[in-house]
Amino acid sequence: MATTTAIAARRRPLFRRKSAIPGFGLTMGVTLSVLSLVVLIPLSAVAIKAAELSPAEFFAAAFSERAIAAYRLTFGAAFAAAVINGVFGVLTAWALVRYEFPGKSIVNAMVDLPFALPTAVAGIALATLYAPNGWVGQYLTPLGIKAAYNPLGVVIALTFIGLPFVVRTIEPVLRDLAADVEEAAASLGASRIQTVARVVLPALGPAWLTGFALAFARAVGEYGSVIFIAGNMPYTSEIAPLLIIIQLEQYEYAAAAAIAVVMLLASFAMLFVINAIQAWARRIEG
Amino acid sequence: MRRARHPTEDPLWAKVLITTLVLGFLALVLLLPLAAVFAEAFRRGADAVVGAVSNPDAIAAIKLTLLTAAIAVPFNAVFGLCASWAVAKHEFPGKSFLITLIDLPFSVSPVVAGLIYVLVFGMQGWFGEALIDHDIKIIFAVPGIILATVFVTFPFVARELIPLMQEQGTAEEEAAISMGASGLYTFWRVTAPNVRWGLLYGVLLCNARAMGEFGAVSVVSGHIRGLTNTMPLHVEILYNEYDFVGAFSVAALLCLLAVATLVLKGLLEIAQPAVRGRGH
């Protein structure tokens with residue numbers, strides 16, 4: 001038994017074959033050093049700072065009533081925005097891949113605007129649009145809808161931020177989807193709606209989930225576009241990233257770190273989920 | 001007679017309905033905010049915009065934004081080239097884990113990105129006292145802004161180049177090396193021409209984010225006018241002071257940056273379809 005493991009180990013050495021290409025030591029050294037200095041060591045500061053607190057203090061800081069209200073808003077609004085983008089993202093990807101219409105290339109470029117536009121600019125623009133006397137807000141006020149300075153405003157900002165994630169994840173999958181499955185379904189007598197619902201949409205499932213999760217993950221951490229439109233009232237329209245800043249401004253560094261630890265753990269959990277979905281998608285899409 | 005619809009083509013009513021829905025949604029979500037920025041900026045005419053943009057504090061903010069990008073973007077480009085060379089051209093265990101670590105800053109809230117540098121370099125931080133002793137300011141100063149910007153834009157170039165270099169394999173480099181070319185010469189003459197469009201694409205997105213970053217920079221900046229204010233922070237200050245024309249004028253400049261980024265990105269995608277759709 002021991003010998004077979006030894007042979008297996010010899011057959012698969014740590015480095016499968018010595019690469020003929022030089023520079024591994026140098027580039028790997030630079031990569032690991034920079035990664036550690038810029039990302040990993042500073043990130044560990046959050047955990048180390050939070051560890052200064054006793055467990056009771058940590059829970060008091062990370063799960064105070066105000067913090068829980070902030071998590072609820074942050075995650076709830078991010079989820080609602082991801083659902084909206086989940087619907088319109090599929091439709092947008094569908095129109096971009098399957099239809100021809102005038103100005104399509106401009107529309108295609110516009111979809112990436114949230115990636116290119118600074119979040120603070122989006123924030124003040126949305127706050128102005130949805131304020132009670134704004135271009136959009138003036139039509140919502142008579143309906144009794146308060147968009148800006150309300151949780152709804154947070155959802156609006158996060159919808160803006162998340163849209164391209166869903167569109168750009170679904171688009172390549174939709175483009176590569178073989179036409180023959182759809183033709184087969186149609187030739188077997190399926191109506192167009194049946195074909196789309198039973199054949200096309202299930203094939204888009206993994207990509208849709210990935211896009212949804214990416215949009216959700218981005219929205220949870222978002223700050224710049226939200227704070228101008230949110231109103232930032234404690235317990236009702238205050239997002240978790242803002243609470244970190246408020247703690248920092250009061251020099252409550254450990255409390256800020258405690259909330260940051262919760263946010264980081266949530267981010268890592270989502271990263272794990274996204275990786276799992278993508279591994280699953282690769283198995284399905286082959 | 002009506003032309004028969006291909007079985008995989010949507011009926012006309014569906015096309016019209018979906019296209020209308022999509023265009024309406026995109027106009028509401030994307031176009032309207034962009035239009036609002038320019039409308040608000042030019043509310044009191046072009047002179048007010050020019051005045052707001054040429055104000056000394058605005059000029060200082062523009063300079064700081066350019067300086068930050070001028071350091072952060074090349075830094076991350078060099079890192080991205082090193083990381084992609086190590087990851088894509090060599091085999092080693094734990095490769096996918098390393099890629100996940102490089103991508104990590106994208107999963108971290110910008111506010112947390114700022115916080116970590118406050119915890120390391122701030123007055124109560126790890127190096128706080130040592131920095132005070134040597135009269136070095138990082139937090140609430142320009143170095144902190146640059147560090148925070150480097151963090152949030154860290155993965156852009158690497159994640160563009162790694163898949164591109166992986167697709168291209170190592171055959172060309174191996175051939176060059178076996179014929180006696182040095183490693184650096186091989187990189188310069190063989191690899192670089194193959195990845196230059198991808199590199200440019202990554203640099204473009206990296207630059208847009210570096211110039212536009214708000215959350216992380218806001219935490220470490222201290223918001224000192226004329227000194228530690230980048231353009232997005234200047235927009236915030238003016239907005240909070242109800243100087244809407246000023247805020248939207250500087251915002252309009254940032255919109256131009258965004259539009260220019262999208263145009264260049266579109267041109268790059270036409271020039272080099274392979275760089276397209278690698279995600280962000």
Side-chain angles (χ1 to χ4, degrees), chain A residues 14-16 19-24 27-28 30-31 34-35 38-39 42-43 45-46 49 88 91-92 94-95 99 101 109-110 112-113 115-122 124-126 128-129 159-160 163 168 172 179 182-183 186 192 217 221 223-224 241 244-245 253 256 260 263-264 267 271, chain B residues 7-8 11 15 18-19 21-22 25-26 29-30 32-33 36-37 40 79 82-83 85-86 89-93 101 104-105 107-112 115-117 119-120 124 150-151 154 170 173-174 177 183 208 212 214-215 219 232 235-236 239 247 251 254-255 258 261-262 266 277 279-280:
Chain A
L14 207 53
F15 293 81
R16 213 168 295 142
S19 170
I21 299 173
F24 179 70
T27 53
M28 192 54 142
V30 171
T31 303
V34 173
L35 181 67
V38 172
V39 179
L43 264 183
V46 173
K49 189 74 193 176
F88 285 97
L91 292 178
T92 305
W94 188 267
Y99 301 160
F101 51 90
M110 278 287 291
D112 285 326
L113 183 71
F115 285 148
L117 193 70
T119 53
V121 175
I124 61 169
L126 291 172
T128 307
L129 282 176
T159 304
F160 173 85
L163 177 68
R168 295 306 184 212
E182 278 178 67
E183 276 166 17
R192 184 64 191 146
Y223 174 73
I244 295 177
I245 289 192
Y253 285 32
M263 299 289 294
L264 275 179
S267 307
L271 198 64
Chain B
T8 62
K15 279 187 183 178
I18 291 177
T19 311
L21 266 177
V22 165
F25 178 76
L26 295 183
V29 173
L30 302 176
L32 218 47
V37 170
E40 292 291 326
F79 167 79
C82 282
W85 183 265
K89 301 293 180 190
H90 302 88
E91 288 302 323
F92 56 92
L101 287 182
L104 208 53
S107 327
V108 174
S109 169
V111 169
V112 177
L115 169 71
I116 62 178
Y117 289 107
L119 294 179
V120 173
Q124 299 181 22
V150 166
F151 182 96
F154 192 70
T170 56
E173 282 83 3
E174 276 163 8
I177 300 283
F214 176 74
V219 174
V235 168
E236 182 200 22
Y239 186 83
L254 289 167
C255 282
T261 303
L262 292 182
H280 294 261

* Residue among A:Thr159, A:Val46, A:Val39 with most heavy-atom pairs under 4.5 Å to chain B -> A:Val39
* Asked: How long is the gap from CD1 on A:Ile21 to CH2 on B:Trp85, to the nearest 0.5 Å?
  -> 5.5 Å
* Asked: To the nearest 0.5 Å, what is the distance between CZ (B:Phe92) and CE (A:Met28)?
  -> 3.5 Å
* In terms of heavy-atom pairs under 4.5 Å, which option from B:Pro33, B:Ala258, B:Cys82 contacts chain A the most? -> B:Cys82
* Contact part of B:Val29 toward chain A, heavy-atom cut-off under 4.5 Å: side chain, backbone, both or neither? -> both
* Structure fact -> Here the gap from B:Ile116 atom CD1 to A:Leu43 atom CG, rounded to the nearest 0.5 Å, amounts to 4.5 Å
* So what's closer than 4.5 Å to chain B heavy atoms on A:Leu91: side chain, backbone, both or neither? -> both
* Structure fact -> Honestly, the part of A:Ala217 sitting under 4.5 Å from a heavy atom of chain B is neither
* **Engaged part of A:Ala256 at the chain B interface, taking heavy atoms whose separation is under 4.5 Å** => both
* A:Ala45 versus B:Val120, closest heavy-atom pair with distance -> CB-CG2, 3.8 Å
* **Options A:Ala95, A:Ala116, A:Ala122, ranked by heavy-atom pairs under 4.5 Å with chain B, top entry** => A:Ala116
* Asked: When heavy-atom pairs shorter than 4.5 Å are enumerated against chain B, which of A:Lys49, A:Glu182, A:Arg192 gives the highest number?
  -> A:Arg192
* **B:Ser109 OG to A:Ile244 CD1 distance, which is reported to the nearest 0.5 Å** => 6.0 Å
* Interchain contact, B:Gln124 with chain A, by part (heavy-atom threshold 4.5 Å) -> both
* Structure fact -> Note: A:Ala120 and B:Pro232 closest approach over all heavy atoms is CB-O, 4.1 Å
* So B:Leu262 and A:Phe115, side-chain contact (heavy atoms from CB on, under 4.5 Å) or not? Walk me through it. -> CA-CA 9 Å; B:Leu262 292 182; A:Phe115 285 148; over 6 Å; no
* Can you check side-chain contact (heavy atoms from CB on, under 4.5 Å) on B:Cys255 and A:Leu117, steps first, answer last? -> CA-CA 6 Å; B:Cys255 282; A:Leu117 193 70; 3.7 Å; yes
* Structure fact -> In terms of heavy-atom pairs under 4.5 Å with chain B, the winner among A:Thr92, A:Val38, A:Ile124 is A:Ile124
* Verify side-chain contact (heavy atoms from CB on, under 4.5 Å) between B:Leu104 and A:Leu271, making sure each step is shown before the conclusion. => CA-CA 9 Å; B:Leu104 208 53; A:Leu271 198 64; 3.8 Å; yes
* Heavy-atom distance under 4.5 Å to chain A: side chain of B:Ile177, backbone, both or neither? -> side chain
* Part of A:Phe160 within contact of chain B (heavy atom distance under 4.5 Å) -> both
* Structure fact -> From the list A:Val30, A:Thr128, A:Leu126, A:Thr119, the residue making the most non-hydrogen contacts under 4.5 Å with chain B is A:Thr128
* **Distance (rounded to the nearest 0.5 Å) between B:Lys15 NZ and A:Trp94 CH2** => 11.5 Å
* Which distance, rounded to the nearest 0.5 Å, do you find between the CG of B:Leu26 and the CZ of A:Phe88? -> 9.5 Å
* Asked: For A:Phe101 and B:Val22, what are the C-alpha separation, side-chain angles and deciding distance, and is it a side-chain contact (heavy atoms from CB on, under 4.5 Å)?
  -> CA-CA 12 Å; A:Phe101 51 90; B:Val22 165; 5.8 Å; no
* Asked: B:Val37, B:Leu30, B:Thr261: which one forms the most heavy-atom pairs within less than 4.5 Å of chain A?
  -> B:Leu30
* Just give me the residue among B:Val219, B:Ile18, B:Leu21 that pairs up with chain A most often, heavy atom to heavy atom, under 4.5 Å. => B:Ile18
* Asked: What part of B:Tyr239 gets closer than 4.5 Å to chain A, counting heavy atoms only: side chain, backbone, both or neither?
  -> side chain
* Pick from A:Tyr223, A:Tyr253, A:Tyr99: which one has the most heavy-atom pairs with chain B under 4.5 Å? -> A:Tyr99
